[in-house]
Amino acid sequence: RQAAGAGERRSGWRPISGNWTIHSNVVSNAHYGRGDMMIVDRPGGSDYKISADVRFDLLFEETHYGDAGLIIRATDPQPGVDSYKGYYAGLRPDSQTVVLGRASYDWRQLAEEKLATPMTSGQWYHLEIAARGCELQVLARPVGEGADTQLHFRDPDCLTSGVGGLRSFYADASWRDVQISAW
């Protein structure tokens, strides 16, 4: 098991706050923080997608309104809530939704959709966000069986490049099978 503290690099990742561990292809953040991030430690790109399976590790009643998900096209990540420029797609168990937003040292929600297949505590849910030009697409679906939930958004004044990463907000969560590929 590899532990990664703030600013310490492990296996191609750089944590920005949180209590991150990497074990057997599973990255976990056991910290109830406000916007903990684990950023890919390599140069960013422009048109690509990032995907992973996401699981909430505490019962939903304990996570309140928290969320966990993926970051794309992030630049200048710093400790603190929404302290980066980039896009975020996340799962919100309390409202059973997937959300897409843009951070620029503040938060602007761009789209939200009710999950077609509700999530349960401890269940892996596949999530991906893709960016091409100013087009953003998000896909969420339970691992195994269940219907897809999709979001599409065009940001006319889009952020054009940056790195991918993982993010949680007031949620203990895990990610597995993280992949970044051309889109």
Side-chain angles (χ1 to χ4, degrees), residues 1-4 9-31 33 35-42 44-45 47-58 60 63 66-74 77 84 86-93 96-103 111-113 115-132 136-153 162-183:
R1 179 181 284 272
Q2 293 181 321
R9 289 168 165 76
R10 298 283 187 181
S11 303
W13 295 93
R14 181 170 52 100
I16 311 283
S17 68
N19 183 18
W20 297 89
T21 57
I22 302 170
H23 181 68
S24 299
N25 197 33
V26 175
V27 180
S28 298
N29 183 27
H31 187 254
D36 297 338
M37 295 180 282
M38 179 72 96
I39 301 297
V40 174
D41 192 23
R42 66 176 186 223
D47 295 344
Y48 66 97
K49 75 176 177 179
I50 180 170
S51 65
D53 296 340
V54 181
R55 177 185 71 200
F56 289 85
D57 295 331
L58 291 179
F60 292 162
T63 61
D67 54 65
L70 304 170
I71 294 173
I72 197 166
R73 290 186 176 169
Y84 66 102
Y87 296 100
Y88 170 75
L91 299 167
R92 291 186 172 160
Q96 293 290 309
T97 58
V98 60
V99 64
L100 172 65
R102 178 176 171 163
E112 183 177 34
E113 187 70 37
L115 292 170
T117 304
M119 71 174 76
T120 58
S121 212
Q123 170 192 24
W124 287 105
Y125 223 87
H126 182 76
L127 182 66
E128 62 185 55
I129 180 171
R132 179 183 296 143
L136 300 161
Q137 292 186 9
V138 178
L139 170 78
R141 73 169 166 262
V143 173
E145 292 186 26
D148 291 356
T149 304
Q150 296 185 30
L151 295 174
H152 302 276
F153 188 84
V163 297
L166 316 176
R167 180 180 177 271
S168 63
F169 179 81
Y170 284 136
D172 287 356
S174 293
W175 296 255
R176 69 177 184 193
D177 301 326
V178 179
Q179 296 185 22
I180 299 175
S181 58
W183 182 47

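Not measured: the values here are computed from a predicted model.
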Q: Working to the nearest 0.5 Å, report the span between CZ of Arg55 and OG of Ser28.
A: 6.0 Å
Q | Closest non-hydrogen atom pair between Leu127 and Gly90, with its separation | A | CD2-CA, 4.3 Å
Q: To the nearest 0.5 angstrom, please state how far the CD1 atom of Ile50 sits from the CD atom of Gln179.
A: 10.0 Å
Q: Take Asp47 and Arg73, measure what side chain to side chain contact (heavy atoms under 4.5 Å, CB included) needs, and give me the verdict at the end.
A: CA-CA 9 Å; Asp47 295 344; Arg73 290 186 176 169; 3.1 Å; yes
Q) Backbone N or O of Ala68 within a donor-acceptor pair of the Tyr88 side chain at under 3.5 Å? A) yes
Q. Can you list the steps and then say if Tyr84 with Ile16 is a side chain to side chain contact (heavy atoms under 4.5 Å, CB included)?
A. CA-CA 10 Å; Tyr84 66 102; Ile16 311 283; over 6 Å; no
(Q) Between Asp36 and Trp20, is there a side-chain heavy-atom distance shorter than 4.5 Å? (A) yes
Q.
Please give me the minimum heavy-atom distance between Pro142 and Thr117, naming the atom from each residue.
A. CG-CG2, 3.6 Å
Q | Residues forming a side chain to side chain donor-acceptor pair (under 3.5 Å) with His126, sequence neighbours excluded | A | Asp53, Glu128
Q: Looking only at non-hydrogen atoms, find the nearest pair between Asp67 and Arg92 and report the distance.
A: OD2-NE, 3.3 Å
Q) Between Ala116 and Ala147, what is the shortest heavy-atom contact and its length? A) CB-CB, 3.8 Å
Q | Side-chain touch Lys49/Ser181, heavy atoms, less than 4.5 angstrom | A | yes
Q) Measuring from Glu113:CD to Gln150:CD, what's the distance to the nearest 0.5 Å? A) 10.0 Å
Q. Quick one: does Asn19's side chain get under 4.5 Å of Asn29's, heavy atoms only?
A. yes
Q | Shortest non-hydrogen separation from Ile71 to Arg167 and the atoms involved | A | CD1-CB, 3.6 Å
Q.
To the closest 0.5 Å, what do you measure between NE2 (His31) and OH (Tyr170)?
A. 10.0 Å
Q. Is there a donor-acceptor pair closer than 3.5 Å between any side-chain N or O of Trp175 and the backbone N or O of Ser51?
A. no
Q) Is there side-chain contact between Tyr125 and Val98, with at least one heavy-atom pair below 4.5 Å? A) no
Q. Is the backbone N or O of Leu100 less than 3.5 Å from a side-chain atom of Tyr87, with the two atoms forming a donor-acceptor pair by type?
A. no
Q. Sub-3.5 Å donor-acceptor pair from the side chain of Tyr48 to the main-chain atoms of Val163, do we have one?
A. yes
**Q.** Side chain to side chain, Leu91 and Leu115, heavy atoms closer than 4.5 Å
**A.** yes
**Q.** Val143 and Arg176, any side-chain heavy atoms less than 4.5 Å apart
**A.** yes
Q. CH2 of Trp124 to CZ of Arg141: how many Å apart, nearest 0.5 Å?
A. 15.0 Å
(Q) Nearest 0.5 angstrom please: Leu139 CG to Thr149 OG1, how far? (A) 8.0 Å
(Q) Can you give me the closest heavy-atom contact between Pro77 and Arg14, atom names plus distance? (A) CG-NH2, 3.7 Å
